[in-house]
Structures are given as C-alpha cells and as structure tokens.
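Below is one structure, written out as structure tokens, with a few remarks after it.
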Amino acid sequence: MVYSARALALLLASSVAVVTSLFLSLVESVNRDALLVAAAISFSASYLLIFVVLEFLVFREVNKIHKIMEKLRKKELSNIAKQKSGALNPFQKINEEIHNFATLKQKEIDELKKLEAFRKEFIADVSHELKTPIFAAQGFVHTLLDGAVNDKNVRTKFLKKAAKSLDGLDILVQDLLTLSQIETGDIKMKFEHIDLFKLCAEVVEQLEEKAEKKDIKLHLLADRNKVHVFADWQRISQVVTNLVSNAINYTPDGGEVTITFEVSKKHVTTFVSDTGEGIPSQHLTRIFERFYRVDKSRSREKGGTGLGLAIVKHILEGHNSKAEVQSEVAKGSVFSFKLPRSRNDAADSDEA
Ligand code: ADP
C-alpha cells in the first residue's frame with residue numbers, strides 16, 4: 001500500500017511539474033533555467049503534498065479497520081484479558097490485534113477439544129459403570145426364568161442378588177444426578193449457621209449399623225458439644241457421610257473410625273481418620289476424580305459408585321474449600337476439610 005501511494009504521488013507530481021513547465025514556457029520572459037527550477041519546485045512540493053494526503057487517507061482507513069477489530073474483540077472476548085497495543089503505527093496495531101485474536105481463538109479451540117475428550121471419556125465410564133449392575137441383575141433374572149425359579153432356596157438367593165444390583169444402580173444414578181446438578185449449578189448451596197457437631201452425630205447414628213457389621217468402632221470426639229460453622233447443612237452432611245462411609249468400607253474388620261475437630265479463630269477443620277488399608281501416595285492426587293479407584297475390582301465389590309469423593313470435592317468447592325488427605329499404606333487415612341467458623345460459635349462455646 002505504501003509503495004502504491006508513493007508511485008501514485010510520483011505520477012501525479014510529475015504531471016503537475018510537466019503542466020507547470022508547459023504553462024510557464026508560454027511566458028516569453030521565462031528562460032530555460034527558470035523553467036527547470038520551477039518544474040523541480042512544483043514536482044517536489046506536489047509530491048510531498050500528494051504523498052502526505054494519500055498517507056493520511058490510508059492511515060484513516062486503517063484506523064477504521066483497527067477500531068472495528070477492537071470492537072469485535074471486546075464483544076466476543078470481553079472475559080479475556082486484553083493486551084493493549086502501545087504501537088502508533090496502525091499496521092502494527094492491526095498485526096497485534098490479529099495475533100491476539102488468533103491466540104484467543106486457538107485457546108478456545110484447545111479448551112473445546114479438551115472438553116470433548118473429557119465428555120467422550122465420561123460417557124465411556126458411565127456406560128461401563130451402568131453396564132455392570134444391569135448385566136448382573138439381567139443374569140439373575142434370566143437364570144430364574146430358565147428354571148431356577150422352581151427351587152425355593154435358589155429363587156430367594158437370586159432375587160436378593162438381583163435386588164442388590166438394582167439398588168446399586170439406583171445409588172449410582174442418584175450420585176450421577178447429584179454430581180451433574182452441582183456442576184451445572186442447579187443445586188444452590190444454602191448457607192446458614194449450622195452445628196457441625198450435631199451434623200456429625202447424626203451421620204454417626206446413621207452409619208453405626210454399617211460399622212457394627214464390620215465390628216468397627218465409630219468415635220465422635222470434641223472438647224465442646226457445639227461447633228458452629230457457616231455452611232449448607234444437607235451438603236456438608238453428604239460430605240461427612242461419604243468420608244465416614246469410605247472409612248468404614250476401606251477399614252478391615254475390628255478397626256476404628258474417628259471424627260475430630262480443630263477449632264481455630266476463623267475456621268473449623270473436620271478430620272475423618274481410619275485405621276484402614278491406606279492409599280499409596282501415587283493415587284492420592286487422583287482419588288477425587290470421577291470413577292477413579294485405587295483397586296478397581298475390590299472397590300466395586302465393596303459397593304462404591306466411584307463418585308463419592310468427586311461429590312465431596314464439588315460440594316467443598318461450592319464452600320470455597322477443598323478436601324485434604326494424608327495416608328499411609330496398611331496404617332490408615334485421614335481426610336479433612338476446613339469451613340469458616342460461625343460468628344455465633346464463640347458465644348455458644350461460652351454457654352456450653
Ligand atoms: P468408591 O465408591 O470407590 O469408594 P470414592 O470416590 O468414594 O469411590 O473413592 C475413590 C477411591 O479412593 C476408592 O475406590 C478407594 O480406592 C479410595 N479411598 C477412598 N477413601 C478411602 C479410605 N478411607 N481408605 C482407603 N482408600 C480410600
């Protein structure tokens with residue numbers, strides 16, 4: 001564009017110089033030298049003038065394009081940090097704008113590709129998880145239909161097994177729904193001042209029978225009988241239930257599961273510890289992923305959906321918190337999470 005502006009300026013300036021010389025040659029008193037000087041001056045002046053005017057027009061148009069691109073970027077990518085160009089040259093500005101735009105679009109494409117891969121993997125995992133209990137129940141029902149139904153003992157046994165598989169399927173679907181509702185934001189956290197000690201006592205009561213079946217002692221220890229935090233009762237109850245339930249599942253018969261609290265000025269940390277099998281360190285960062293299990297077949301045997309800790313993670317994220325885990329193989333694990341201490345808590349503890 002610069003070159004074409006220069007060429008045009010040269011052409012027009014030459015024409016002006018020729019016309020000026022022709023015009024002056026008609027005047028008798030003007031000699032040859034004066035003609036040459038006049039031609040040179042008119043050529044230089046008109047070249048400069050025309051070139052500046054053309055450049056100005058080009059700059060104006062380029063600036064218009066630049067503004068349009070900037071508007072486009074602001075509209076489409078308002079949530080992404082903008083890199084303001086400090087350049088004065090509009091060509092450089094446009095270049096930078098195009099570069100920024102392309103970089104941002106590439107980021108979007110990469111993000112979408114990642115989501116697509118994640119979606120495919122998730123569908124494959126869910127299909128696999130659903131297939132297991134459905135196939136089991138289907139097998140028992142077909143065996144009954146093929147004649148086992150006539151044997152009273154076998155009939156009851158197979159019906160119980162089919163029912164267990166279907167119960168597992170129901171829990172899996174419920175967990176999947178919970179997870180998807182938390183992720184899409186359909187479940188809003190209902191924050192209030194709640195007594196965490198009371199909440200844990202209720203969870204212990206509900207899981208006592210499950211622990212007794214394995215001869216596991218369930219303790220709830222606190223040096224105060226009220227621990228107030230600001231949280232969603234129902235969701236935190238689910239977090240504690242999932243952690244205690246896991247602790248029971250992964251602790252051998254005769255072991256112990258204990259809930260304790262650590263109260264600081266602003267926070268309350270809840271610890272769920274067990275004397276169970278523990279988790280090898282290389283798995284610790286992955287156990288909060290959906291369907292991630294340390295020992296796939298054994299965890300399934302124990303009745304888990306593989307979603308318990310993913311749900312814990314999402315609920316705690318909704319509370320601006322996260323679950324921590326410390327574990328030692330063959331010794332046990334400690335899961336913990338921190339919640340903001342309720343303003344009322346100090347007054348309550350004074351009463352207690
Ligand atoms: P699951 O339904 O399989 O228990 P979770 O998401 O609750 O799924 O847990 C993921 C995995 O983390 C489990 O399969 C298990 O391998 C491991 N895990 C969780 N809690 C414990 C624990 N207290 N002790 C040992 N391993 C645990």
Side-chain angles (χ1 to χ4, degrees), residues 118 121-122 125-126 128-133 136 164-183 200 203-204 206-207 210-211 213-220 235-260 269-318 321-337:
F118 180 72
E121 196 186 320
F122 180 61
D125 283 345
V126 171
H128 182 73
E129 296 296 331
L130 290 173
K131 213 170 65 187
T132 313
K164 197 177 166 208
S165 295
L166 293 175
D167 287 347
L169 189 65
D170 183 38
I171 296 170
L172 174 62
V173 172
Q174 273 175 28
D175 276 0
L176 277 171
L177 266 176
T178 309
L179 204 55
S180 105
Q181 281 170 337
I182 298 173
E183 276 182 350
C200 290
V203 173
V204 166
Q206 278 163 18
L207 294 174
K210 179 177 167 136
K213 277 187 189 156
K214 290 182 75 181
D215 195 22
I216 288 175
K217 286 197 179 65
L218 212 49
H219 307 287
L220 173 61
R235 300 291 144 212
I236 295 300
S237 175
Q238 191 160 12
V239 167
V240 179
T241 304
N242 289 4
L243 294 181
V244 176
S245 179
N246 275 350
I248 298 171
N249 283 345
Y250 301 106
T251 296
D253 292 8
E256 285 186 28
V257 173
T258 313
I259 305 177
T260 51
T269 310
T270 308
F271 297 88
V272 178
S273 41
D274 62 60
T275 56
E277 60 195 52
I279 304 161
S281 58
Q282 70 270 27
H283 296 283
L284 286 178
T285 49
R286 300 208 56 194
I287 52 172
F288 293 93
E289 292 171 18
R290 294 171 172 131
F291 301 122
Y292 189 84
R293 295 167 172 115
V294 174
D295 182 336
K296 287 203 178 286
S297 53
R298 280 187 59 213
S299 294
R300 263 209 206 93
E301 243 173 61
K302 289 173 183 168
T305 60
L307 294 172
L309 289 181
I311 292 175
V312 165
K313 178 182 162 211
H314 278 85
I315 292 177
L316 290 175
E317 272 171 4
S321 180
K322 63 176 182 152
E324 308 276 354
V325 53
Q326 283 184 338
S327 191
E328 209 175 319
V329 175
K331 287 218 161 144
S333 312
V334 183
F335 284 80
S336 62
F337 62 91

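By convention here, the first residue in the shown sequence is residue 1. When a ligand or atom number is given, it counts from 1 through the structure's own listing order.
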### Check against side chain to side chain donor-acceptor pair (under 3.5 Å), Ser245 and Lys210
CA-CA 8 Å; Ser245 179; Lys210 179 177 167 136; 3.1 Å; yes

### Query
Do the side chains of Thr258 and Asp274 get nearer than 4.5 Å, heavy atoms only?
no

#### Entry: Test item: Lys214 and Ile248 side chains (from C-beta on) under 4.5 Å apart, heavy atoms
yes

### Query
For ligand 1, is Asn242 a contact, meaning one of its heavy atoms is under 4.0 Å away?
no

### Query
Can you tell if the side chain of Asp175 reaches within under 4.5 Å of the side chain of Ile311, non-hydrogen atoms only?
yes

### Task
Enumerate the atoms of ligand 1 whose separation from the nearest heavy atom of Ile287 is less than 4.0 angstrom.
10 (C), 12 (O)

### Task
Say whether Asp295, considering both its backbone and side-chain N or O atoms, lies within less than 3.5 Å of an N or O atom on ligand 1.
no

#### Entry: Within-4.5 Å side-chain heavy-atom neighbours: Leu243 and Phe337
yes

### Summary
Gly306 heavy atoms within 4.0 Å reach ligand 1 at atoms 1 (P), 2 (O), 3 (O), 6 (O), 8 (O)

### Query
Quick one: are Leu307 and Gln174 in side-chain contact, heavy atoms under 4.5 Å?
no

### Query
Under 30°, 30 to 60°, or over 60°: which ring-plane class applies to Phe335 and Phe288, parallel, tilted or perpendicular?
perpendicular

### Message
Between ligand 1 and Glu277, is the shortest N or O to N or O distance under 3.5 Å?
### Response
no

#### Entry: Lys/Arg N to Asp/Glu carboxylate O, Glu183 vs Arg290, below 4.0 Å
yes

### Query
Counting from 1, what ligand 1 atoms have a heavy atom of Gly308 closer than 4.0 Å?
5 (P), 6 (O), 7 (O)

### Message
Within a 6.0 Å radius of atom CD on Glu256, are there more than 12 heavy atoms belonging to other residues, nucleotides or ligands?
### Response
yes

### Query
Is it true that Asn249 lies under 4.0 Å from ligand 1, counting heavy atoms only?
no

### Message
With nothing but distance in play, are any N or O atoms of Phe335 less than 3.5 Å from an N or O of ligand 1?
### Response
no

### Query
At a 4.0 Å threshold, what atoms of ligand 1 neighbour a non-hydrogen atom of Thr305?
2 (O)

### Message
Given Tyr250, Phe291, Tyr292, identify the one with the heavy atom nearest to atom 3 (O) of ligand 1.
### Response
Tyr250

### Summary
Looking at Asp274, Leu172, Val294, the heavy atom closest to atom 16 (O) of ligand 1 belongs to Val294

### Task
Could you tell me which atoms of ligand 1, counted from 1 in the order shown, lie closer than 4.0 angstrom to a heavy atom of Leu309?
5 (P), 6 (O), 7 (O), 9 (O), 10 (C), 12 (O), 19 (C)

### Task
Any atoms of ligand 1 less than 4.0 Å from a non-hydrogen atom of Ser333? List them with their elements.
24 (N)

